[in-house]
Structure formats: C-alpha cells, structure tokens
Amino acid sequence: MKISKEDIHKIEDYLWEIPKTFRPNMRVPARVLASESLLDAIMEDRSLVQLVNVASLPGIQGASLVMPDVHEGYGFPIGGVAATLYPDGAISPGGIGYDINCGVRLLTSNQKIEEIRNNLDALSKELYIQIPSGMGKGGHIKLSVQEMEEVLLKGAEWAVEKGYGVKEDLAFMESKGRLENADATLVSDMAKKRGADQLGTIGSGNHFVEVDYVEEIYDETTAKAYGLFKGQVVVLIHTGSRGLGHQVATDYIRQIIKAMPNYGIEVPDRELACVPFNSEEGQNYFKAMCAAANYAWCNREVISWEARTAWRNIFGSTVEPLKLMYDVAHNIAKVETHVIDGVQTDVIVHRKGATRAFGPGFEELPDSYKAAGQPVIIPGSMGTCSYVLAGTARSKELTFGSCCHGAGRRLSRTAAKKQVNAPVLKEKLKERGIFVEAGSFKGIAEEAPIAYKDVNMVVETVSDSGIAKKVAKLRPVAVIKG
DNA sequence: ATGTAC
C-alpha cells in the first residue's frame, strides 16, 4: 500500500484526514495532527500505512489518530491513539507497545541553576552511581516472589510502604500510580524473574534521567499551580516496565495471535493482533498489562528515591528534597468515557507513544492542579529541550484526551549509529554545558539530536491545535543514560 | 523498548 499527498485531505489547520473510503477495510477515517512540514516528514516512513491499518480494528471509534511526533512501530505507529468500543471492541497489545507504561515524571527542586552550576559535574556522576542503567541491568532491590506480587498489585504505593518513596507523590501521578485491574497471577514466572532485580533501573535506548532548568515560562498562573518558576532546577525521568513489561507483551502477543481466529477477526497486519476486550484472552492481557503498568510506576518512584539520595549526597540535607510535579504514562490502554458523535461512550483508549492530556476540572487531579488541567510532560531529544504543557478540553474533542509524547524519532537506530560520532557528540554537548554520563557510546549515537524531529515544532503543533497549552520550557544540563 | 529474532 502506498499513500501519497493526494490521499490526505486538510480538515482544518493542523488536522489531516485519510477518508474511510480509502480502503475497504477501514471502519473509521485516519487522522493526522501535524503542521504541513511535519506531515511531510511523516510521509517518509510507514507511519501512515500503519495508521490506516489501525482504522480497521474491530470496534474502533471516531478515528484512528496520530500525533505530530509519530513514527513507525510494531504494528501500530508510535505516537498513535486508538479508541475501541467498551466492552466488546478489540484490545491489541501492539497498540500499547512492548514497554508497557513507559512514561515520564518531573521532579522539582527549590534551587536555581546559578546556585548549582559548579556542582553539575559531581551531580551527574552521583546520579549515575545511584541510578543503575543499561541493557539488562539490575538494581539494588531483589524482590522475593511475595514482594513481586505486591509491586504488581500496588504500584508506586509499594515503594512508599517500603521506604523507597514519598507518600505525597502518589496524588501527583496518573491513576495515582496504581491500576486496580491488575492481576499478578496473569504475569508469567519468566516476566517476574526478569523484573525481580530491575526495580529502580532506567534501562537503555531512549530512557534517561536528566537535570534541567526552567528556561522560560509561558503561562505564569499554571506554572505557579505546578510549582514551577524561572531558573528552577528540575529532574526529568523517562523509563518504563523494563524486562517485565517486555515479557508480558511477548507472552500475550503470542497468545493473542493464536486466539484471534477463534473470534473471526482479520487484521491487515499480523502485528495488529487483537481479541475482543471482554474475551478471556483480552481480559487476561488487560489485567497483566495493568500489573506491568504498576511495576513501571513503582520503578519510577524508586528511581526518584535514588535521585533524591544523590541530591542529598551532593547538596546535603539542608536543601529541600525533590518534589514530584507529575508522572504520566505514554504506553498504556485505559477504559475511559468520551463523547463520540454527541453520545457519552465508554471506550478502551490505546495510547502508544501518546500522553493523556485531560483538561481543567478532571476529578482525578490533585486540588491544586484542578483549575490548570493535567500536566503533560514532553521530553525532547538528548541535548535539546523539553516542555511542560497542560491538557485542555479541546483534547477531549479531538484526540480522546491525548497529546504527543516527545520529539519523535526521525532516523532509525541503525541509521543514527552510522551518522553519529558519539565521543565527538559527547564533547560537543559538554562545551554547551551539558554533562552526559552514559554506559555506552552506542546509546549516545542512537539518541543523538539528529535522530529526532525538532521538539519545538512538535510542541508548536500541539499547542496551536489546542490539545495542550504551553506552560514551561526546560533546558538540560546533565543527562544519565544506559 | 528488550537477557537485539522463532
């Protein structure tokens, strides 16, 4: 299948549509949220073909959607949102991704960048020591079988109970860091084994821990509500459910591919394998996915504890400890209510490389954030900048309450490795005042800024289209990678 | 993304 510019119609500024008539198997239109230049970039890989494929999922509602940071992924594009009818529409592991509940959180300090410039080298080294990173890497905690069950059921709460977390953090996490539908018995022994020593570790690839400062404030009122101010030092953490989530995805993709014919489901790409949400296989996957999501929230909580330890070791205990601003998932499926064609409808929202972005008044938000809306955290590529935005009511109308999740990959990992000289890049970043601590040059090359789209353009698109509102821009000064 | 494939 080929998709050309003529197949794509402009609906309004930043919104493009491939009509349902484009392919006989499409159940809904396919929509792209992008500026014209970002749309051109999207045409270069298989993102749009995958977007059109997703439009054929059983029970899909409204439209198959992608955000401006989209790029191709396993079956579904990364940067995609697909809502299927609850309870008998499809659930598809490919629509969530292998790294279940990959997500980001932002911690805030009360220090200003000028105060800590001279500590940055030592701070980045200390963070690197405290926070284990790298492929297959284990951490300080070894979970017993019993403890693993608890982590899978309790999520971030487990870390708080064991002294690896802060109780006040829980209110500042999407779903309070715990999905109630988790069932630990549906997570395989292999997955549990892989996850037993990986709590508190970031892994590799695009995962990182980064120290930034607030370079610019766009919305004073919202920034104040979120506890952000100009010049403030903050910590950004990006990671997910590590080997455990990966194994859950592997286990259930295999099962679901096998079970699919029993439900008479045909999909244009085997990687879109799915079953009805309310089928036995669908429920088993969903409950295991929730358990893996809980592991990821617990992981980010433990990593925050490690970052807090590093902070204390460098700055002493008189400095205010790091505070959690917010934690968002960007690889997850959730049952939510949305208005579709004027009717309140329960749907299973698959977000893969897409962040929830609910607007003001959302009941789950802590009181201090209710008027502002849900924080949306958009990490840029290594050495560029990141953004804090706020969700809007418009996101509910346009994108099932979703927003982009990052800059979006432009080059494949292999292409990036060919083009980038990692030691030179590391030196260049240092000249620009960014300390990079990484376990491998391979990781640095794969994550080079050149491998990503321009995060500024992506953020302009989501803000101009109205699905999120710009609050603050963050500038990195230290990056810890696998 | 991931003990870098079935």
Side-chain angles (χ1 to χ4, degrees), chain A residues 45 47 50 69-80 92-104 132-139 142-143 187-199 201-209 237-258 270-271 273 288-289 292-293 295-297 299-300 303 328-333 350-355 379 381-382 405-418 438-448 451-452 480-482:
Chain A
D45 67 9
S47 302
Q50 294 187 327
D69 55 337
V70 63
H71 56 104
E72 65 183 62
Y74 175 88
F76 292 61
I78 295 162
S92 175
I96 289 120
Y98 274 89
D99 190 2
I100 294 166
N101 191 5
C102 188
V104 248
S133 63
M135 165 73 75
K137 226 16 194 321
K142 305 265 178 278
L143 296 174
V187 173
S188 68
D189 289 343
M190 179 63 85
K192 288 170 179 159
K193 192 178 155 206
R194 286 179 68 177
D197 68 345
Q198 291 189 327
L199 218 46
T201 69
I202 53 176
S204 65
N206 61 1
H207 291 166
F208 62 78
V209 172
I237 297 170
H238 176 203
T239 189
S241 51
R242 309 284 285 102
L244 181 135
H246 190 274
Q247 191 62 46
V248 168
T250 305
D251 291 342
Y252 283 94
I253 285 170
R254 196 173 298 151
Q255 280 184 33
I256 285 174
I257 287 174
K258 256 203 211 154
R270 182 186 150 91
E271 294 183 354
M289 184 217 72
Y295 181 93
W297 271 309
N299 187 25
R300 291 196 288 274
I303 292 170
V328 273
H330 56 226
N331 279 10
I332 205 159
H350 299 65
R351 295 192 180 92
K352 181 187 194 180
T355 298
S381 51
M382 182 177 59
H405 82 309
R409 198 167 261 289
R410 198 174 67 83
L411 297 178
S412 70
R413 291 176 200 281
T414 24
K417 265 183 288 188
K418 272 184 198 155
S440 72
F441 281 120
K442 176 172 159 273
I444 296 182
E446 287 177 354
E447 297 305 314
Y452 283 84
I480 280 69
K481 293 197 67 66

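Hydrogens, waters and symmetry mates play no part in the numbers below; they use all other heavy atoms, side chains included. Predicted model only: the values in this text are computed from it and were never measured. Within every chain, numbering begins at 1; the chains are lettered A, B, ... in the order of the sequence lines, protein sequences first and strands thereafter.
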remark   = Residues D69(A) and G79(A): closest non-hydrogen pair is OD1-CA, 4.3 Å
query = What does G97(A) touch in the nucleic acid at a heavy-atom separation under 4.0 angstrom: a base, only the sugar-phosphate, or nothing?
reply = nothing
query = S204(A) side chain N/O closer than 4.0 Å to the phosphate oxygens (OP1, OP2) of dT2(B)?
reply = yes
ask   = Tell me: OH of Y74(A) to C1' of dT2(B), nearest whole Å?
value = 13 Å
query = Which part of the nucleic acid does Q198(A) contact within heavy-atom distance under 4.0 Å: base, sugar-phosphate only, or nothing?
reply = sugar-phosphate
task = Would you classify G243(A) as touching base, sugar-phosphate or nothing, given that sugar-phosphate means primed atoms plus P, OP1 and OP2, and contacts are heavy atoms under 4.0 Å?
result = sugar-phosphate
query = For the side chain of S47(A) and the backbone of P77(A), is there at least one donor-acceptor N/O pair under 3.5 Å apart?
reply = no
ask   = Quick one: E446(A) CD to dT4(B) P, roughly how many Å, whole number?
value = 14 Å
task = Would you mind reading off the distance between Q247(A) atom CD and dT2(B) atom C1', rounded to a whole angstrom?
result = 10 Å
ask   = Quick one: on DNA chain B, does R413(A) or T250(A) contact a more 5' nucleotide (nearest heavy atom)?
value = R413(A)
NZ/K142(A): more than 12 non-hydrogen atoms of other groups inside 6.0 Å = yes
key: Distance, rounded to the nearest Å, where H238(A) contributes NE2 and dT2(B) contributes C1'   = 14 Å
inquiry  = Rounded to whole Å, please give me the gap between NE2 in H207(A) and P in dT4(B).
reply    = 16 Å
Min side-chain heavy-atom separation H405(A)-I78(A) under 4.5 Å = yes
note = The residue, Y98(A) or K442(A), whose nearest nucleotide of DNA chain B is more 5′ is Y98(A)
request  = Please report, rounded to the nearest Å, how far the P atom of dC6(B) is from the CG atom of D251(A).
outcome  = 12 Å
ask   = What orientation do H238(A) and H207(A) show, parallel under 30°, tilted 30 to 60°, or perpendicular over 60°?
value = perpendicular
Atom-pair distance (CD on E447(A); P on dT2(B)), nearest Å = 11 Å
note = D197(A) atom CG is separated from dT2(B) atom P, nearest whole Å, by 13 Å
